[in-house]
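Please read these numbers as outputs of a predicted model, since none were measured by experiment.
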Amino acid sequence: MGLWNHSTITQFLPLGLSTDPHAQAALFVLFLNIYLLTIMGNLLLVVVIRADSHLHMPVYFFLSHLSFLGFCLSSVTVPKMLKDLLAEIKTMSVRVCLAQGFFVFIPAGTEGFLLAMMAYDHFADICHPLLYGQMMRKQLCVQLVWVSCGLGGLNSLINILLATSLDFCESHTTSHYSCEVPCLFPLSCSDVFTNLIVLLCSTLLHGLGTFFPIISFYACIVSTILRISSSSGRSKAFSTCSSNLMVVDFFYGSAFLSYLMPTSGYPLELIFSIQYGVVIPMLNPQIYSLKNKEVKAAVRRKLQPICHILGAKGKLEDNMIPATHCVS
């Protein structure tokens with residue numbers, strides 16, 4: 001029988017991040033600012049990469065999709081979190097909960113593949129520069145992105161379809177702020193052994209299947225860089241890869257800990273979930289834009305006309321940044 005025929009619980013009560021009204025108000029302001037920064041940063045990267053011809057390269061093609069995924073992942077969970085921080089009674093139907101879990105899984109799973117593709121791009125650029133054009137053809141890049149989305153969606157579909165067969169009749173209160181698959185298991189009175197095995201296997205296959213290639217690519221990259229005689233050449237090569245390595249560390253560390261740790265409801269579990277679901281989507285555009293000269297130059301080129309218009313019309317007040325500083 002399906003979930004909808006015999007489940008005795010139709011709504012969950014997510015406790016969220018805090019039950020203290022004063023703490024909830026402070027958290028609302030904090031996460032609202034984080035969400036706005038996430039939306040603006042990721043959408044700005046997407047628009048700049050699409051609009052600036054200097055960034056029409058494979059690595060920035062992948063980066064634009066990574067930014068779009070960050071926007072999607074944050075938008076699936078944070079608006080509901082903000083609403084719950086202001087609500088006296090926090091409820092979420094089982095169907096909405098499962099739908100949210102489904103849409104969290106897709107961008108989170110797809111991001112691992114995109115990070116692997118960006119590592120492969122750096123590998124082709126540094127280790128095989130003469131073959132780069134053949135290894136990173138535009139058609140191949142598009143196909144890789146579609147395959148990544150398909151595998152991320154398949155992984156999500158398998159886990160959520162299994163979750164719909166669970167009976168929720170023991171407890172309707174969850175300590176999480178969102179509905180991810182692991183947090184549903186303690187709420188079920190059904191046998192969750194199959195669900196746990198499938199989640200564990202899919203997480204390991206999906207995660208390690210992208211993590212190990214990334215490590216292999218960067219091991220080859222480091223070996224090649226160390227053979228470069230010029231110190232400036234080594235520095236430039238390392239700076240090319242440092243942003244992606246930083247994002248890989250943040251993403252895989254928090255995601256593995258969040259999905260492979262036993263569900264306990266401890267604050268540490270929430271911290272890992274917030275880190276990869278809320279904080280990392282905000283940090284990604286900051287990391288890539290601050291450490292990448294080409295992205296910063298593209299942003300300046302797109303903002304320059306706006307700054308000149310504002311300066312020409314005399315709209316800038318004395319306490320604002322002068323228009324000339326916009327392109328400094």
Side-chain angles (χ1 to χ4, degrees), residues 1-16 69 72-73 76-77 80-81 90-113 148-212 251-278:
M1 295 178 66
L3 166 69
W4 318 126
N5 294 330
H6 58 274
S7 176
T8 58
I9 288 179
T10 59
Q11 287 189 327
F12 295 133
L13 296 179
L15 297 179
L69 288 177
C72 294
L73 179 58
V76 170
T77 57
K80 181 65 169 65
M81 180 207 297
K90 306 171 179 61
T91 61
M92 179 182 290
S93 71
V94 173
R95 296 191 182 197
V96 171
C97 183
L98 292 171
Q100 187 183 65
F102 176 77
F103 288 109
V104 166
F105 243 123
I106 293 177
T110 307
E111 183 168 343
F113 285 103
S148 300
C149 294
L151 291 175
L154 179 62
N155 184 39
S156 178
L157 185 63
I158 291 172
N159 283 279
I160 294 300
L161 283 178
L162 284 174
T164 60
S165 65
L166 297 176
D167 289 323
F168 299 99
C169 53
E170 287 190 350
S171 172
H172 65 291
T173 302
T174 172
S175 59
H176 281 256
Y177 66 92
S178 65
C179 277
E180 298 180 49
V181 173
C183 73
L184 298 178
F185 297 154
L187 306 179
S188 174
C189 54
S190 304
D191 183 8
V192 298
F193 179 76
T194 301
N195 300 74
L196 285 170
I197 294 300
V198 171
L199 178 64
L200 178 63
C201 292
S202 64
T203 301
L204 290 176
L205 287 173
H206 205 98
L208 298 180
T210 54
F211 182 71
F212 282 141
F251 175 76
Y252 280 96
S254 56
F256 274 135
L257 289 171
S258 179
Y259 275 88
L260 298 181
M261 282 179 58
T263 304
S264 59
Y266 291 148
L268 187 61
E269 189 178 342
L270 283 175
I271 291 173
F272 289 136
S273 179
I274 290 172
Q275 182 175 329
Y276 93 87
V278 179

Hey, does the side chain of Ser165 reach the backbone of Leu161 with a donor-acceptor pair shorter than 3.5 angstrom?
-> no

Residues two or more places apart in sequence or in another chain: which of them pass side chain to side chain contact (heavy atoms under 4.5 Å, CB included) with Leu205?
-> none

Minimum heavy-atom separation for Tyr177 to Thr77, with atom names?
-> CE1-CB, 4.2 Å

Side chain to side chain contact (heavy atoms under 4.5 Å, CB included) against Leu208, all qualifying residues, sequence neighbours excluded | Leu204, Phe212, Phe256

Can I get a per-line list of side-chain donor-acceptor pairs under 3.5 Å for residues 191-201, giving both atom names and the distance, sequence neighbours left out?
{"unit_1": "Asp191", "atom_1": "OD1", "unit_2": "Phe193", "atom_2": "N", "d": "3.1"}
{"unit_1": "Asn195", "atom_1": "ND2", "unit_2": "Leu162", "atom_2": "O", "d": "3.2"}

Quick one: does Ser188's side chain have a donor or acceptor within less than 3.5 Å of a partner on Phe185's backbone?
-> no

Please list, chain by chain and in numerical order, all residues satisfying side chain to side chain donor-acceptor pair (under 3.5 Å) with Ser202, sequence neighbours excluded.
-> Asn155, Asn159

Tightest non-hydrogen contact, residues Ser156 and Gly101, listed as OG-O, 4.4 Å

Can you see which heavy atom on Lys80 is nearest to which on Thr91, and at what distance?
-> NZ-O, 3.3 Å

What residues, two or more places apart in sequence or in another chain, satisfy side chain to side chain contact (heavy atoms under 4.5 Å, CB included) together with Cys149?
-> Thr110, Val145

Atom pair CG (Leu69) and CZ (Phe113), whose distance is rounded to the nearest 0.5 Å | 12.0 Å

Backbone of Asp167 reached by a side-chain donor or acceptor of Ser190 within 3.5 Å = yes

Pairing residues for Phe211 by the side chain to side chain contact (heavy atoms under 4.5 Å, CB included) criterion, not counting sequence neighbours | Ile215, Val248, Tyr252

Compare every heavy atom of Gln100 with every heavy atom of Cys179, then report the nearest pair and how far apart it is.
-> N-OE1, 2.7 Å

CZ-CG distance between Phe12 and Leu184, expressed to the nearest 0.5 angstrom = 5.5 Å

Of all the heavy-atom pairs spanning Leu73 and Tyr276, show the shortest one and how long it is.
-> CD2-O, 3.6 Å

For Ser178 and Cys183, the nearest pair of non-hydrogen atoms, with its separation, is O-SG, 3.7 Å

What is the distance from atom CZ of Phe103 to atom CD1 of Ile160, rounded to the nearest 0.5 Å?
-> 10.0 Å

